[in-house]
Each structure stands twice: as structure tokens, then as C-alpha cells.
Amino acid sequence: MSSADTLKNQLILIFQKMFGHFGPLNWWPGDSPLEVMLGAILTQNTAWSNVEKALASLSQKTGLDPEKIRQLSDVELAACIRSSGYFNQKAKKLRVFLTYFHDRYGDSIEAMKEQPLERLRDELLSLHGIGPETADSILLYALDKLIFVVDAYTRRILARHGLMHHTADYHAMQDLFQQNIPPDISLYNEYHALIVNTGKDFCRTKPLCDSCPLRTLLPPGGPCMP
DNA sequence: GACCAGGCACATC
DNA sequence: GATGTGCATGGT
């Protein structure tokens, strides 16, 4: 078996172990594509539980109507999303994104979906406050585009399993998946969701590592964190 | 009371 | 181009 086949098998095995533990997760936890996009911005370096409160507050105030959100003052918008942290910065980011959403696509998700992936990705990355992970989360989870999302947990898991050095850049890690697992939107969706859940439940506190679904794939005795 | 969370932009060297 | 720092709340 070639090393490329071994890599493919390892990535599929990692998926199967996580899937066996959690089952299908059917991400993203959002009711609408717009909510997913706003959540992608709000969850930057922030626990999802805090984002949920912010989205609930924003929904209460605006019904998540993009025009109503844009009409909020900076102070009102920041107050709504306070619980998600970095609220002044994120208020600005939301406004930048929603202005783009209106000016470029007339607030239409469908119009956005019609665009090719690469063009959308370039547009998103050009916006203040949207980097690679946020752009790819929006593309995959809100717009059903075929792109693999890399995050801090992905980095840890790849490094810990010796599949890539923890200093490897975002694109290298993304390529590792996109070139070695089947190109399937549902698979990309589940794989990233499973990585995040595994990371949340088993990487935060070291004693829990013993029950991690990926534990059996690791050399015995070593730490879970890189 | 530390430490961390589903990043990103910007300054500095 | 690599590395450091500010942003800020809420849970463990």
C-alpha cells in the first residue's frame, strides 16, 4: 500500500471513530443560512454557548432581518451581541458583512449561491473581519459549497496524529483533507463538526483524553495536546 | 482567580 | 514574512 493510501485510510479511520462516538451531527446549528453566516462571525475565538445568546438577543430585536440589523446603531448592535465577546469589533464585522450582502446580492442567499466557490471565497476574504475559517464556514455551512473548514481543533488533531506539523498553514491542512477524502459536501460538513465536538469534549481537559474516540489511534501514554 | 473558547487585523521587528 | 498584541464575555 502506498503512503498516499495510508493517509487516506487514516483520515477515514479518524472520521469513522468520531462518527461511531457522536453519530451524525448535521451541522451547522442555525435555523437559516443568514443565521449561519452571522454565527460564523460571532463564534470567532468564542465558545458557541455565548454565540447562541447573542443570536437569540439579535433575533429578539430584529428577527434576524438583515435590513433591521443594519438599521441598529453601533451601540445597539454591540449591546445585542455582548455575550459573544469582542462585541465592538464583531458589531463592526457584522455591519461590514451585511452591507456587502445587501450591496452585492440584494440580501438574497439564492443570488449568492449562484456564484462559483472561488469568486465567493475571494469576496468574503476581502471583507474586514472575515478570514479563511470564517469564509469557509460560510461557504460550506450556509451556501453548500464544497470546501473543507480547518480550525484550531483540526490543527491539534492533525498534529497529534502525526499527519501534519502544528505550524502548517491553513491551506496545507485544508489540502490534506480535500485531496484525501471523497469530495462530498455532506462528508465535509460532518467531518468538521465531528472534529469540533471531539475537541470540545476531549481536548479541553486532559483527564478526559482516555475516553477520547481517537485515543485508540494514538501511541499509548502520550499527551493529547501537541 | 487563572485559563480557554469553532479568529482576525494590525503593529512591529 | 514571522511574531506579538488587542479585542471581551462566560464557563470550568
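Reminder, nothing fancy here: chain letters follow the sequence lines and each chain counts from 1. Computed from a prediction, not measured in an experiment: that's the story for all the values here.
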P atoms of dA8(C) and dC10(B), separation to the nearest Å: 14 Å
Side chain of K53(A) (C-beta onward), nearest among dG11(C), dC8(B), dA5(B): dG11(C)
L124(A) CG to dG7(B) C1', straight-line distance once rounded to whole Å: 15 Å
NZ/K92(A): more than 12 non-hydrogen atoms of other groups inside 6.0 Å: no
Length of the line joining R82(A):CZ and dC7(C):C1', which is rounded to integer Å: 14 Å
Options dG7(B), dA5(B), dG11(C), nucleotide nearest the side-chain atoms of T134(A): dG7(B)
Sugar-phosphate, base or nothing in reach of H192(A), heavy atoms under 4.0 Å: nothing
Interatomic distance where CG belongs to D201(A) and P belongs to dT12(C) [whole Å]: 12 Å
Separation of atom CG in N88(A) from atom C1' in dT9(C), rounded to whole Å: 12 Å
Y191(A) side-chain N/O to I12(A) backbone N/O, donor-acceptor pair under 3.5 Å: no
Sugar-phosphate only, base, or nothing, as touched by I130(A) at under 4.0 Å among non-hydrogen atoms: sugar-phosphate
Residue closer to the 5' end of DNA chain B, G129(A) versus D151(A) (nearest nucleotide): D151(A)
dA5(B) phosphate, OP1 or OP2, under 4.0 Å from R156(A) side-chain N/O: yes
Options dA8(C), dC10(B), dG11(C), nucleotide nearest the side-chain atoms of Q89(A): dA8(C)
Atom P, compared across dC4(B) and dT5(C): separation rounded to whole Å: 16 Å
Sugar-phosphate only, base, or nothing, as touched by L127(A) at under 4.0 Å among non-hydrogen atoms: sugar-phosphate
Listed nucleotide nearest any side-chain atom of Y86(A), set dC8(B), dA8(C), dC10(B): dA8(C)
Residue whose nearest DNA chain B nucleotide is more 5′ - G39(A) or K92(A): G39(A)
Sugar-phosphate, base or nothing in reach of K90(A), heavy atoms under 4.0 Å: nothing
Gap between atoms CG and P, on L77(A) and dA8(C) respectively (whole Å): 13 Å
Between dC3(B) (P) and N45(A) (CG): distance, integer Å: 16 Å
Closest to the A47(A) side chain, choosing from dC10(B), dA8(C), dA5(B): dA5(B)
Sugar-phosphate only, base, or nothing, as touched by N50(A) at under 4.0 Å among non-hydrogen atoms: base
Atom-pair distance (CD on Q44(A); P on dG6(C)), nearest Å: 19 Å
Nucleotide nearest A152(A) (side chain, heavy atoms from C-beta), chosen from dT9(C), dA8(C), dG7(B): dG7(B)
From dG7(B), dA5(B), dG11(C), nucleotide with atom closest to Y153(A) side chain: dA5(B)
L176(A) to L7(A) - nearest heavy-atom pair and separation: CD1-CD2, 3.5 Å
Heavy atoms from other residues, nucleotides or ligands near NZ of K113(A) exceed 12 (cutoff 6.0 Å): yes
Nearest heavy-atom neighbours spanning I138(A) and A40(A): CG1-CB, 3.9 Å
Sugar-phosphate only, base, or nothing, as touched by E133(A) at under 4.0 Å among non-hydrogen atoms: sugar-phosphate
is_close_aromatic(F15(A), H192(A)), centroid dist under 6.0 Å: no
Whole-Å gap separating P (dA8(C)) and CD1 (I81(A)): 9 Å
